[in-house]
Structures are given as C-alpha cells and as structure tokens.
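Just dropping this structure here.
Order of listing sets the numbers, starting from 1, for every ligand and every atom in it.
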Amino acid sequence: MNLLDELLPDDLDRPLLRLAPIGSVDGDTLRYREVDARARRFVAAMAQLGVGPGDRVLLQVPKSADALCVTFACLSSRIVFVPLNTAYTPAEVEYFATDSGASLVVCAPGDEATLADTIGPSARVVTIDDLSDQADDVDPFEGPHAPGEALDAAAMLYTSGTTGRSKGAVLTHASLLANAEALRDVWRVEPDDVICHTLPVFHVHGLFVAIFPLMLEGAQIRLRERFDVDDVLAQLPHSSVLMGVPTHYTRLLADDRFERTACAGLRLFTSGSAPMTEQTHHEFTERTGRRIVERYGMTETGILTSNTLDDGGQVPGTVGHPLPGHDVRVVDGAVEVSLPVPFAGYWNQPDKTAETLTPDGWFRTGDVGSLDGDGRLTLDGRASDMIISGGYNVYPKEIELVLDAVDGVAESAVIGVPHPDFGEGVVAIVVLDGTADSDVVRTRLESACGASLARFKHPKHYDFVDALPRNAMAKVQKNDLRERYRSALA
Ligand code: MLC
Ligand code: AMP
C-alpha cells in the first residue's frame, strides 16, 4: 500500500492546488495529475542525490506548491519526510538532522551555507530552488508509487510529547490514511469543497488534517502562503472550508468585515491545536450566524475527537466525540485513547514509546479532561507545564536550560500566561546570581535565546526576583507563578 495512491482520485484531471499571491484570488491551477507528475520529478531528483526508500529527508522550506510536491515525492518513494518549523534556528535543525540520521536537508534559499556549516558532512544540504531546478531537468520517475507495508513510516514529526527533548513521532502510511478517512467522514468532505488553506505545512494540522481528507474526495486547496486577515477575507467567497487555530479566529473577529455575508459561502469552519474559549465560540456565532466545529488531536495520534455537523453537534467548550474507529476514556482525569492504527512510536526511543502506553495498550495523551453522559470530551488542561502559543507547543524546560546557562543567572522558571493574540505567551522569571545587573543579564538572555531558540519560544516578558516559590519538596510552584503573572502580557 502507498498512501499517495489512496490520496489521488480516479479523475486526475480535477484541480488540486489553486495558487495566487497573497491578496489575490487569481493564479495558476495545478491538477492532481500535474502534482503527481511534479512529485515524480522530485523522486528522480532525490534519487540523483542518492536518496531513496527509508532515508530521512528534512524539509525546512517556505510554504509552496513545490514544498508539497516534495512531500508527495517522499510518500511516493517511501522516503521518510521530516517537516520542520521555518522558525527553527540552525542549532535546532542540527539536532533534528543528527537525531533522525537525515541524509538530505532541503532548506530555504539563503540558509544553505549556515545549515551546511552547522550540520556538517552527515547530511547533504540543498535549497528548494536548486532541487526544483534539478527536478525541471531530470526524466521523471515513471513507475508505480513504491509499494510496501501499510505500517511503514511515512513521516516523522518532532514533538516533545509531554516532557523532555524533542522526539521524532513516526507516522505510518496506514495511520495517516485512517485519520484522513475518519475526518473526511465526520466533516462530510465533498468533491466540490475548496479549503482556504492558511496553516503552515510543517505540523499535522496544516500538513495532514487540512489536506488529506480533501484529497480523498478530489477536492481543492487554495494554498495561501501564510495567514493574513485581508487575504483570508479575499479568499472566503471562493472557499467552502476554513480550518484554523484559535488565534486565526480571534484575528478575523477583530476585523468588522468578518461577518455573515463574508462567511455566506462556507459550509465548514474548524478549530484546533489549542483551546478555543467559549467567548470566542459565542462571538463567532453572534457575528456570523455560524458555529465553529472544534476538534482535538496530537502529533502522535492525529485527530482524536471532533464536534459533528449534526444539529446540536457543536457544543462550545467541548472537543466532541471520538472519531470513528477511535475510543476515549478518562482515568483519574487523564485522557487516554485507543486508535484504529496504533502509534508507531518515537524514532529510536523504545523506552519513551513504552511510557506513552498504559498496561492495556491505550495511548496516554498527557491531557486532562472529562467525558459527559453523551460521551463528549471536555479538556481541562494538561498534566505537564507545556505552553501552547498560537498553536505552537513550547516546552518550558527547553527554555529554562538556555536561560540557566547565561552568565549572571542563578535559576529561572518559564511559564505560559494569557496572551490576547496567541492565547498563551511565554514569560520568564529569573533569579540573578549574586550582584549581577538585571539590564545586562536581560540583554544576555535575549541574545542566548536568539542564538538557539525559534522566536516564537522567546519569552515575551522577563521578571527578576530574589527567589522562586517552592513547595516542601523544593519543586518550583508554577501554579503560583502563573497566578502572579496572569496579567503580565495582557
Ligand atoms: C509568531 N510569533 C509567535 C507565534 N507566531 N509568538 C508566539 N507564538 C506564536 N505562535 C512571533 C514571531 O516570533 C514574531 O516575533 C512575531 O510573532 C511575528 O511573527 P509572524 O511570523 O509574522 O507571525 P504571524 O504570521 O502573525 O503568525 C502567527 C500565527 C502562527 C498564529 C499565524 O503562529 C501560526 O500559523 N500558528 C499555527 C500553528 C499551527 O499550525 N499549529 C498546529 C500544530 S499541530 P517578533 O519577536 O519577531 O516580533 C497540533 C495538533 C493538532 O497541535 O491538534 O492540530
Ligand atoms: P502537538 O504535540 O503539537 O500535537 O499538540 C497536541 C496538544 O495540543 C494536545 O495534547 C492538546 O494539549 C492540544 N490541543 C489540540 N487540540 C486542542 C483543542 N481543541 N483544545 C485544547 N487543546 C488542544
């Protein structure tokens, strides 16, 4: 089985990608056949570079049709693709390259020299533009999409799960297909659907959830380079589906033009990756007369639950029912799930993989929640201190390690507090070492973060204190800190 075969419709002449510059609705169209043909050129180009089945390819590239075609090329030839946030620094990318044992890194133009220098000789670094030029010149691969086991790795996405250093979550051809089919059914995807696609294509939300269920029906994707309110308002009259993180919806609601008429042609709005407040749900409904279908998922598992399109199926504050083939239970507040295709595990980390499973084989999500009498799930938070900022996960420990290594810092605590745009934002509380000067240390902290962490992880506020609050076990009381700094980013 090859996932790409399953994703391509019988009628390859249907349009797949609608391309247009930001702010415009007119541009090129790529049909399914053309996307497949382009992917076949990338298969041949990567083969020329010595990359083939089972190899890992890192992709840190701006969103584009070619970026997606490289992804499809990897699926087609059973290369395991590893998409990376474009905000990651070379130091972060080096970790992913080493951990995954990648043989090729495809990067943005201009990044190649620094990345090649940082990563060293273990992987070849090539820009997406050079790879595209090479693809223009090769004879495309003509054979069938490489067959193989349904449980072969298709992609690897780095996530820290509930704790610790980033781990590569291995996703299989079968698990991605099962999730796409379940979402297609629950969201009643139709061949005529057109999604206004504004999400980044390096996380499961933009890469899988907002693309694969549509492809299964031969539907269309208006591929937007990034999320921009004016641009979304221009695309809406030409779209039937919008999927976003809560920040997208709060930004749209901040614009008066986002109202009933603007939304008239859409049949489905979904939200996920971070909690949406009931207030945003209600404001959305008041303004547009419509409801947002909120769903819940994780990188390791794909989407797990969703509100439905039935009358009364959308309940603000809940994330809905388990998808077909999925089951959810709550044990002492902990949300555990059973999946149609089990999680394949973290790359080279059997111990960490084992920790995700209960003795009877359910996956521990690390989320805390409750089920109502109808089997609907409500999330109440997370067991860990993980911060979700604008839909990106931020792990306090990773930032504390960077801050603690700065000259003049005795220790630090990183927390998430309410942020008007991103839902949660990062705040650092720092204890100075001896008589260090806070202004000098702040500059050092900012430059240390700049050197090693993607910008969305940087603290948006620093405070300097004499000591961190600790309990009897000497553990830092982050709940106290979250309370104390509640308004720091208001
Ligand atoms: C950008 N910035 C952020 C940020 N995004 N800071 C905190 N949190 C974020 N999410 C910072 C930048 O570092 C920069 O800082 C400034 O904001 C402007 O950057 P930008 O790139 O212009 O921002 P913008 O384009 O406005 O991006 C905001 C956003 C983006 C909301 C559109 O973050 C986004 O696309 N989020 C979607 C995340 C997502 O796809 N999650 C899915 C995960 S999958 P400075 O300091 O330079 O000004 C998953 C599973 C599931 O969770 O269930 O789906
Ligand atoms: P990731 O590791 O990026 O896949 O993030 C997964 C986490 O995002 C989940 O464990 C949840 O904590 C959170 N999440 C996803 N969807 C929702 C949602 N609708 N509401 C609240 N949290 C969510």
query = What residue and atom, counting heavy atoms only, is the protein's closest point to atom 37 (C) of ligand 1, and at what distance?
reply =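 Looking at atom 37 (C) of ligand 1, the protein heavy atom closest to it is G390 O, 3.4 Å.
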ask   = With atoms numbered from 1 as shown, which atoms in ligand 1 lie under 4.0 angstrom from a non-hydrogen atom of H203?
value =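 Here the atoms of ligand 1 in question are 42 (C), 43 (C), 44 (S).
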Ligand-side contact atoms (ligand 1) for residue partner R251, heavy atom cut-off under 4.0 Å =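 Answer, ordered by atom number: 24 (P), 26 (O), 28 (C).
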task = Number the atoms of ligand 2 from 1 as they appear, then name those within less than 4.0 Å of a heavy atom of N393, with their elements.
result =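 Numbered from 1, ligand 2 contributes 1 (P), 2 (O), 3 (O), 5 (O).
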query = How does F422 reach ligand 1, if at all, at less than 4.0 Å between non-hydrogen atoms: by side chain, backbone, both, or neither?
reply =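 The part of F422 near ligand 1 is the side chain, not the backbone.
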inquiry  = Side chain, backbone, both or neither: which applies to H248 and ligand 1 if a contact is any heavy-atom pair less than 4.0 Å apart?
reply    =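 It is the side chain that touches ligand 1; the backbone stays farther off.
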ask   = Looking only at distance, does P200 have an N or O less than 3.5 Å from an N or O of ligand 1?
value =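 Looking only at distances, the answer is no, because the N/O contact criterion of under 3.5 Å is not met.
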Element-labelled atoms of ligand 2 that are located less than 4.0 Å from some non-hydrogen atom of L379 =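 Counting from 1, the qualifying ligand atoms are 20 (N), 21 (C), 22 (N).
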task = Using a strict 4.0 Å cut-off to heavy atoms of L199, name the atoms of ligand 1 that fall inside it.
result =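 Listed by number with element, the hits are 40 (O).
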query = What orientation do H248 and F227 show, parallel under 30°, tilted 30 to 60°, or perpendicular over 60°?
reply =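 Rings of H248 and F227: parallel, under 30°.
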request  = With heavy atoms under 4.0 Å as the rule, classify the contact between H458 and ligand 1 as side chain, backbone, both or neither.
outcome  =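 It is neither; nothing of H458 touches ligand 1.
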request  = Give a yes-or-no answer on whether the side chains of S306 and W187 include a donor-acceptor pair shorter than 3.5 Å.
outcome  =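 There is such a pair between these side chains.
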key: Numbered atoms and elements of ligand 1 in range of V204, under 4.0 angstrom, heavy atoms   =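 Ligand 1 atoms under the 4.0 Å threshold to V204: 44 (S), 50 (C).
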Shortest heavy-atom approach to atom 11 (C) of ligand 2 - which of D367, T378, T301, T305 =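 Of the listed residues, D367 has the closest heavy atom.
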inquiry  = Judged on heavy-atom distance to atom 6 (N) of ligand 1, which of M243, K457, K460 sits nearest?
reply    =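 Minimum heavy-atom distance to atom 6 (N) of ligand 1 goes to K460.
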ask   = Just which atoms of ligand 2 are under 4.0 Å from any heavy atom in V319?
value =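 Selected atoms, number and element: 19 (N).
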ask   = For ligand 1, is there an N or O atom under 3.5 Å from any N or O atom of R295?
value =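 There is such a contact, yes.
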message = T247 versus ligand 1: do any nitrogen or oxygen atoms come within less than 3.5 Å of each other?
response =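 N/O-N/O distance below 3.5 Å does not exist for this pair.
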message = If we check salt bridge (charged side-chain N to carboxylate O under 4.0 Å, His left out) with D231, which of these qualifies: R222, R224, R226?
response =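 Of R222, R224, R226, salt bridge (charged side-chain N to carboxylate O under 4.0 Å, His left out) with D231 is met by R224 alone.
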query = Looking only at protein heavy atoms, which one is nearest to atom 12 (C) of ligand 1, and how far off is it?
reply =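 Protein heavy atom at minimum distance: R455 CB, 4.5 Å.
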key: Option of least heavy-atom distance to atom 8 (O) of ligand 2 (set: S273, G381, G320)   =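 That would be S273.
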message = Given P275, G272, G297, identify the one with the heavy atom nearest to atom 15 (C) of ligand 2.
response =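 Ranked by closest heavy atom to atom 15 (C) of ligand 2, first place is G297.
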query = To the nearest 0.1 Å, how far is atom 8 (N) of ligand 1 from its closest protein heavy atom, and which atom is that?
reply =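 Atom 8 (N) of ligand 1 sits closest to the protein heavy atom S389 OG, 2.6 Å.
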request  = Quick one: look up the protein heavy atom nearest atom 49 (C) of ligand 1 and list residue, atom name and how far away it is.
outcome  =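 Ranking protein heavy atoms by distance from atom 49 (C) of ligand 1, first comes S273 OG, 3.6 Å.
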message = Within the 4.0 Å heavy-atom shell around G297, which atoms of ligand 1 are there?
response =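 Near G297, meaning under 4.0 Å from one of its heavy atoms, ligand 1 has 53 (O).
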request  = Answer yes when E400 and K478 have at least one side-chain N-carboxylate O distance shorter than 4.0 Å, and no when they do not.
outcome  =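 Result for this pair is yes, salt bridge flagged.
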